[in-house]
Amino acid sequence: MRRVLIANRGEIALRIIRACHEEGLEAVAVYSAADRRSPHVRAADRAIAIGPAPPAESYLSIERLIAAARESGADAVHPGYGFLAERAAFAEAVEQAELIFVGPPPAAIRAMGDKTEARRRMQEAGVPIVPGGSAPVDDPAAAIAAAEEIGYPVMVKAAAGGGGKGMRVVRDSEGLSAALETAASEALKAFGDSSVYLEKFIEHPRHIEIQVLADGERTIHLGERECSIQRRHQKLVEEAPSVALSVDLREWMGAAAVSAAQAVGYRGAGTCEFLLTEDGSFYFLEMNTRIQVEHPVTELVYGVDLVREQLRIAAGLPMRVHPGWLNPRGWALECRITSEDPANGFLPSTGRIEYLRVPAGPGVRWDSGVEIGDEVTLYYDSLLAKLIVWAPDRAQAITRMTQALDELVIVGVATNQAFHRRLMADPEFRKGEIDIQFLERRTDLLAQSVSPGSVLDLAVAAALAEDHARHARRPAAVAETGTSSEWARQARSEGLR
Ligand code: MV4
């Protein structure tokens, strides 16, 4: 393996290009007409135009991507996340073109993509799944009988689903047939497959996911990520480790994730999603057969570069992860900075990034695909950057994130930055008292719009507050008078300190 085509854009394309270079590999970027000036295009060794801005005609075109790989002499393809990353047909097309797919075998993608198939495989492998059916239900009478058995509330889920589409909660037999119909039609629309099945609805769980790596020889886990802070199935903040896991629970969930991966012949980096209840029960939900957006928090606490490991494994090399290293150290947090306006129902905002000040300092990582001057459009998802921090413990990580959010300035598009600041200051969040319904309860953290008339007042107040904060940050010794040292006093008065 010498040259890798990155079938993606934005921050993850840049992330993968950097990993390629560290592994001594050449990186080929692809770009749509909207991305011709993007940072990932300049960072790569070569870049190939693959079509117009709409994803269907560029980043989602299997044909054009394979053609670009051929034209550039690439011998491998990394899909990143989103777009074609979890399409078994893409992995197959890559392999049919005699290229290496940097990801799991197509059969593993396919098995995990069908949720009822995945449930059957997990059951066989002894991985705990949510009580419920492992085959699609078709007629309402059978569904009512099944729901009685499971016990209400139940959830109707799309077999081809994932990520929250085609799901309905049902609290009694009355609502069941309507829910079956809406879930089935939603599933048909979203996935082209109307099959649905039933599960017990788990109330107020945490969303915990386990990172796995498999190189064909060994399958290991790299602990958990806590992903409960989400809104409408979009994660906003992730952390590693989770306050909810003891060393023992980490090993149990880790072992379950390893079994899940082994059950489908997994290779590469993957993630098993679980629901974790307050009493410490956990249930496998689904496996994401790709590198994930939030992978950096695991990298920071485990000291492992997951994308470099993906590349090594794809090249047929053993992973470099030494079993003795595998303990989380300290705490990592990630805030997804998106071009969405919390004051406007989180609608995507567009515009040119007129000014950008990026946070820095010890333990601060900024994974971004945008720069000053870039145009934010509606063609792609709204993730502008991931602000990631590491610190020795959770409290210090929150402090560090708060400081980094204070340093961050983005002018030109509305972002969710202020939401993240409110969250970091929130007592419940700081205690780690979170579950997947946290943001449904705490709508106060989402909104807080500012009327145009108060903007000037706020600007003046902000300037005064900044001045006050600068004084507060100055070391106490400087502010003090009446020191015994005439030398020091004199030096300070001359501005030498
Ligand atoms: C559930 C559930 C409660 N009970 N299944 C959402 C996306 C898909 N991965 C599965 N999902 C859920 N399945 C049962 N039986 C709650 C969710 C869920 C959820 C899961 C993870 C993260 C965020 C979520 C938000 C709403 C619902």
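Atoms within a ligand are numbered from 1 in the order they appear, just like the ligands themselves. Reckoned from all heavy atoms, side chains included, excluding hydrogens, waters and symmetry mates. Note that the numbering runs from 1 along the sequence shown for the chain.
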Side chains of Thr298 and Arg225, donor plus acceptor under 3.5 Å: yes
Donor-acceptor side-chain pairing of Glu86 and Thr289 below 3.5 angstrom: yes
Geometric N/O contact His233 with ligand 1, under 3.5 angstrom: no
Intermediate values then yes/no, side chain to side chain contact (heavy atoms under 4.5 Å, CB included), Lys235 and Glu209: CA-CA 12 Å; Lys235 294 168 186 161; Glu209 56 187 35; 3.1 Å; yes
Those atoms of ligand 1 less than 4.0 Å from some heavy atom in Phe201: 3 (C), 4 (N)
Those atoms of ligand 1 less than 4.0 Å from some heavy atom in Glu273: 9 (N)
Presence of salt bridge, Arg421 and Asp426, under 4.0 angstrom: no
Closest approach of any protein heavy atom to atom 25 (C) of ligand 1, naming residue and atom: Gln230 NE2, 3.4 Å
Partners meeting side-chain hydrogen bond (donor to acceptor under 3.5 Å, both in side chains) with His221 (sequence neighbours left out): Glu251
Which residue and heavy atom of the protein sit nearest atom 7 (C) of ligand 1, plus the separation: Gly164 N, 3.4 Å
Element-labelled atoms of ligand 1 that are located less than 4.0 Å from some non-hydrogen atom of Val130: 15 (N)
Pairs flagged by salt bridge (charged side-chain N to carboxylate O under 4.0 Å, His left out) wherever residues 146-164 is involved - sequence neighbours left out: Lys157-Glu199
Polar contact flag, side-chain donor to acceptor under 3.5 angstrom, Gln292-Thr271: yes
Cationic N near anionic O, under 4.0 Å, Arg110 to Glu117: no
Glu199, any N or O under 3.5 Å of ligand 1 N or O: yes
Any N/O pair Ile202/ligand 1 closer than 3.5 Å: yes
pair Ile313-Val102: side-chain heavy atoms closer than 4.5 Å: no
For atom 22 (C) of ligand 1, the option (of Gln234, His207, Met155) bearing the nearest heavy atom: His207
Protein contact of atom 8 (C) of ligand 1 - nearest heavy atom, named by residue and atom, plus distance: Glu286 OE1, 3.6 Å
Contact atoms of ligand 1, heavy-atom distance to Lys200 under 4.0 Å: 4 (N), 14 (C), 15 (N)
Protein heavy atom at shortest distance from atom 11 (N) of ligand 1: Met167 SD, 3.6 Å
Nearest non-hydrogen protein atom, atom 5 (N) of ligand 1: Lys157 NZ, 2.9 Å
For atom 24 (C) of ligand 1, the protein heavy atom that lies nearest, with its residue and separation: Ile436 CD1, 3.6 Å
